[in-house]
Amino acid sequence: IGGVAGVVPMLSPILPLALSFLAVPLTRLLWSPGQAAKFEALLEEATGRIEGASGGASHLPPVVAERVDALLNPLLALPEDTPDAEVTVAVAAAMEGAGDFPVDVLPRLIDRLDQIEPPHGAVKRGLILWATDPTVAGTGRHSGALRAAWATTWPDAGLLHLFATRALALVAAQPDLWRQMPDLGELNLSLEEANPEAVNATIRLLIARIEAAMPPDLRPAAEDAAGAVPTV
């Protein structure tokens with residue numbers, strides 16, 4: 001104040017000392033380190049639960065992640081021109097080899113397939129063909145396989161059509177498998193103008209088939225269903 005205004009205020013040195021001493025207790029009234037730590041722990045626990053519900057594949061213990069990757073690496077190393085039948089057999093072998101693992105390897109596989117390079121188109125097709133095989137889906141041993149296969153389809157219209165076509169036949173033959181199918185909201189979101197009409201038509205049929213297989217009390221209301229399915 002003295003340097004700017006040219007006036008030195010006559011203040012007792014006790015005043016700034018008192019403010020300094022009062023700063024900590026006043027701050028503690030507004031912010032408690034203990035409460036902050038509890039809140040941070042709560043956030044970490046909630047985040048962990050969310051990651052666990054979604055698979056938690058990115059947070060596997062290093063030893064487990066190493067074992068899972070050792071199982072998946074041969075599958076992911078297959079070239080893009082590998083025939084569908086060969087890739088499907090490789091996917092089945094990997095899933096059978098994962099039978100004794102302490103975690104589900106499907107989320108880890110999806111994480112690896114989500115990488116931009118390489119595209120892993122052959123492996124994605126093999127995963128869809130394996131997951132939609134009636135002998136695989138009907139056993140219930142891989143309850144998350146169909147949703148995992150669905151997660152690999154975006155934004156490839158060809159993969160989307162392959163999944164929707166085979167899933168449609170699967171639900172038609174085994175209506176109880178509607179429980180393992182992707183969420184209706186996700187299916188509705190996949191109806192895009194960029195898709196060929198045949199793809200959107202197949203997805204609409206799959207949505208209708210799933211709704212027909214659901215118990216009446218679980219089906220979406222008519223007005224909700226009408227608003228949810230875009231007229232693409």
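The figures that follow rest on heavy atoms only: side chains count, while hydrogens, waters and symmetry mates do not. FYI, the numbering just counts along the sequence from 1.
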Minimum heavy-atom distance between [X] and [Y], given as atom pair plus value:
X: Leu75; Y: Ala90; value: CD1-CB, 3.7 Å
X: Lys124; Y: Thr152; value: CD-O, 3.7 Å
X: Ala137; Y: Leu146; value: CB-CD1, 4.4 Å
X: Ile110; Y: Ala151; value: CG2-CB, 4.2 Å
X: Asp69; Y: Arg112; value: OD1-NH1, 2.9 Å

Close side-chain approach of Leu76 to Leu113, heavy-atom, < 4.5 Å: yes
Out of curiosity, [X] [atom1] to [Y] [atom2], how far, rounded to the nearest 0.5 Å?
X: Glu96; Y: Leu71; atom1: CD; atom2: CG; result: 11.0 Å
X: Leu187; Y: Ile207; atom1: CG; atom2: CD1; result: 5.0 Å
X: Trp154; Y: Leu189; atom1: CH2; atom2: CG; result: 12.0 Å
X: Glu197; Y: Arg204; atom1: CD; atom2: CZ; result: 5.0 Å
X: His120; Y: Glu80; atom1: NE2; atom2: CD; result: 7.5 Å

Donor-acceptor under 3.5 Å (Gln180 side chain, Ala145 main chain): no
Short side-chain to backbone donor-acceptor contact, Asn195 and Ser190, under 3.5 Å: yes
Return all side-chain donor-acceptor pairs below 3.5 angstrom for residues 157-165, not counting sequence neighbours, or 'none' if the list is empty.
residue, atom, partner, partner atom, Å
His161, NE2, Thr202, OG1, 3.4
Thr165, OG1, His161, O, 2.7

Partners passing side-chain hydrogen bond (donor to acceptor under 3.5 Å, both in side chains) against Asp183 (at least two apart in sequence or in another chain): none
Report, one line per pair, each donor and acceptor closer than 3.5 Å where one atom sits in a side chain of residues 166-174; sequence neighbours left out.
residue, atom, partner, partner atom, Å
Arg166, NE, Thr132, OG1, 2.5
Arg166, NH2, Leu129, O, 3.3
Arg166, NH2, Thr132, OG1, 3.4

